[in-house]
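Along the sequence shown, the residues carry numbers beginning at 1. Note that ligands are numbered from 1 as they come in the structure, with each ligand's atoms numbered from 1 the same way.
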Amino acid sequence: MATFTVDAKPYAYNFPLAATALLVIDMQRDFLLPGGFGEVQGANLTAVQSAIEPTRKLLEACRAAGLAVFHTREGQLPDMSDCPSSKPYRPAVAPGTQYTTGIGDKGKMGRMLIRGEYGHGLVDELRAIPGEVVIDKPGKGAFWQTELHYELKARGITHLIICGVTTECCVTATFREANDRGFECCAVIEATSGYNDKVFKDVSLGILHWSQGLFGFVSHLQPFLDALHPLPGRELSSAVETPPQTPPEWDGSLDMPSLQAAYRSGLSPVNVVEALYAKIEAYEKVNPGAWIYRVPLEGALAMARDLTAKFPDRTALPPLYGVPYTVKDSIDVAGIATTTACPPLSHIATTSAPIHDTVVREGALFIGKANLDQLATGLTGQRSPYGAPSSVFHRSFISGGSSSGSAVLVGARLCSFSLATDTAGSGRVPAAFNGVVGFKPTRGTVPFVGVTPACLSLDCIAVLAATVPDARTVWRVIDAFTPADPYAKRPELRYYARHVNATGPLASTFRFAIPPPSALASCSPPYRRLFSDTVTRLQNLGGRLHPVDWTPFQQASALLYDGSFVLERLASIPDLPGAENSADAAAFLTRHRADLHPVILDIFHAALARGTSAVDAYRDLQARAALTARVRNDVFSPGRALGVDVLVVPTAPTHFTVGEVAAEPVGRNSALGVFTHAGNVLDLCAVACPAGRVRVGELVDGEEGEVPFGVTFLGGSMTDGDVLRIAARFEAMVRAEGVI
Ligand code: TIU
């Protein structure tokens, strides 16, 4: 990772570009312009405004260098329910107070320091652009009652360049809080100011770096401008007000950073769509069955043209601008059928899933809906009436499922990402078999709304993408608390997260566990060998191997298909328009015999035949709670000495051929999930990554070619940011070694 150095106090400040964010504190009208709260406080506004221009320069340089940018705004909710009484009361009752008005009172720019009022907004010079994060905070420090820590960790940020107003108040309060959380911070002298700089500024900043860096570092602006500018391939936005002079460069790659760089240099999404559709047509002849619906070329071109009209400023493009994407066909897109690969369930969606609307709003180009195992039930990709695509690597090998089409389309580079689902491994197994990344965030963080469920209490959205950073980019867009999702995690859970290790040996150390030899024995010989290579690589990356009690994972896995949860799949089948008694699972199966995949029918009939009682179901729920608590407390316990950061497993135990699955469709399907089934039962997050290649002759005598091998990093609930960081480091290593 490129690391930059600037002169600073108490000594040089080093910051890794990809792990650094600029944090601009409270550059709001209320603090900086006449008639706001700053004026009420008796501030010399001209003095405080002196920070605006240096902050603008710093912001421009950081944007041009591709740094993450965060802005904060101080303000209360309109009903002030988030405002401690002392905040307005203390100054108001002070003897001889100058305050005749205060927080919540009407001023010239609306109610002072109230969210949504004009004065609460950022000054025009420092407005946030698409893709930048704006954190609304009720207090002085930016971490209290906000998602700042979660958002920083979600992006793998460990270093903060801090500026804004006021130095003596919110800037240093936030700086000190960030320090406790492990962030390595540097304040920028010219880009911060306060209401009494003569008395406070030097002292406030001096305390930060006193005593060999009590809280962190302080530097001047110029060293940052020198360090950040110019970076190869980037231009300062002020320099590109005229159209680019050189033709746009695009290497044809759909990786998001390549696309974004090409769009910034003038490439049109129209050209991308044209090139892509030619490729799609050609691939259809090679490996059909990945699509259920494709947006016609004319429609895609129209959307691409709309995008260019909507975002004319190439220096301020949203994070998914012009990024072609697909959805698994259990996710609703208004006006298009959602089939869930189950014709009796097919219906034209009247509204889109919120995640679809969100990615489109952030610039993504929707090009179609991907095939899946019927009812999102299966890990093979062999259970759909719309065909069975094979692995993008080899015609004889399965694509994996249930998100079969999603993984194939990303693997064949026919879209940059696909939104899919993962209940028992449906986003991970196909990722492994097509050499792509499958990220299953913590359940209940990404809204599962507008999606036909497979097993509602275990369902989770998954992102399939070419790389870990791409999956992370999509996740940052769709990760949002949604009250409409009854399984949404409480938003407060985002307020707490473990500290970061920003510097020193601990910054690259992590603790990991692996399945015991008895569990790994289910892997094919090449998979065992490649997994062993993975363990060595992780140790070389700084990972320390810890023992783990495998029983809860094994028991959780068994609960999924041997217990009552398989019946929840029947309970999850939504009411069918016009059908009577559709909640009656047995009647549904009988009525739609002809339309259901024979393997799916067998699975459900077998589950019903077990005669599971309500007592069994409650026992399973209790077992799930007990196992989840055990794993939370004893395995992924990041605050404790014995906890591990990640459990690393082979994503699947082997890769079957189409013929092998046809010969034993249920048994081989179950075998595939041995390392994925427990994920959602135990409330874990998971990142499946490519980790090597297998010569297929090692799996099937006489076959030629290669198929990918993948591993999955599983982490405790809400530790997605940490798990992605480890996975990204591993991915960079295997990429650099050329083994994927
Ligand atoms: N009052 C004061 O000096 N500052 C604040 O209330 N907020 C910030 O510093 N942003």
Side-chain angles (χ1 to χ4, degrees), residues 22-52 54-55 58-59 70-77 80 82-94 97-105 107 109-115 117-123 125-126 128 133-146 148 160-178 185 187-189 191-205 207-208 215:
L22 173 68
L23 181 57
V24 187
I25 304 290
D26 297 0
M27 293 301 273
Q28 299 161 256
R29 299 188 184 99
D30 263 336
F31 291 122
L32 292 165
L33 300 186
F37 188 68
E39 202 164 59
V40 169
Q41 278 196 292
N44 173 350
L45 290 182
T46 320
V48 79
Q49 285 166 2
S50 69
I52 295 178
T55 303
L58 181 62
L59 186 57
F70 283 67
H71 306 258
T72 66
R73 297 186 299 203
E74 180 179 342
Q76 315 303 142
L77 293 169
M80 294 188 55
D82 59 350
C83 186
S85 61
S86 59
K87 192 173 178 180
Y89 188 74
R90 189 187 317 119
V93 300
T97 186
Q98 88 244 13
Y99 289 93
T100 49
T101 54
I103 297 169
D105 292 336
M109 294 186 288
R111 290 177 68 203
M112 280 183 283
L113 291 183
I114 297 295
R115 295 186 194 177
E117 300 287 340
Y118 181 73
H120 179 257
L122 301 175
V123 293
E125 298 90 326
L126 301 173
V133 184
V134 179
I135 298 284
D136 280 320
K137 62 189 185 66
K140 307 297 189 201
F143 289 91
W144 167 248
Q145 288 284 322
T146 75
L148 178 58
L160 295 172
I161 301 167
I162 300 183
C163 63
V165 296
T166 61
T167 317
E168 64 276 8
C169 182
C170 295
V171 172
T172 40
T174 299
F175 196 114
R176 288 162 178 237
E177 288 189 327
C185 305
V188 184
I189 296 170
T192 179
S193 59
Y195 291 157
N196 193 346
D197 278 354
K198 257 194 219 118
V199 181
F200 293 146
K201 186 164 173 176
D202 285 352
V203 178
S204 299
L205 295 176
I207 294 169
L208 296 181
F215 296 102

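The salt bridge (Lys or Arg N to Asp or Glu O under 4.0 Å) search around D197 returns none, not counting sequence neighbours. For the salt bridge (Lys or Arg N to Asp or Glu O under 4.0 Å) test, no residue two or more places apart in sequence or in another chain qualifies with R90. The salt bridge (Lys or Arg N to Asp or Glu O under 4.0 Å) search around K87 returns E74, not counting sequence neighbours.
A donor-acceptor pair is defined here as one N or O able to donate and one able to accept, closer than 3.5 Å; no such pair exists between the side chain of D26 and the backbone of Q28.
Nearest heavy-atom pair across L205 and A187 is CD2-CB, 4.0 Å.
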Below 3.5 Å only, please: the N or O atoms of ligand 1 paired with protein N or O atoms, distance on each line.
unit_1	atom_1	unit_2	atom_2	d
ligand 1	1 (N)	Q41	OE1	2.5
ligand 1	1 (N)	Q41	NE2	3.0
ligand 1	3 (O)	Q41	OE1	3.4
ligand 1	3 (O)	T166	OG1	3.2
ligand 1	6 (O)	E74	OE1	3.4
ligand 1	6 (O)	K140	NZ	2.8
ligand 1	7 (N)	E74	OE1	2.7
ligand 1	9 (O)	T166	N	3.0
ligand 1	9 (O)	T166	OG1	3.0
ligand 1	9 (O)	C170	N	3.1
ligand 1	10 (N)	D26	OD2	2.6
ligand 1	10 (N)	V165	O	3.0

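By the 4.0 Å N-to-carboxylate-O rule, D30 lies too far from R73 to be salt-bridged with it.
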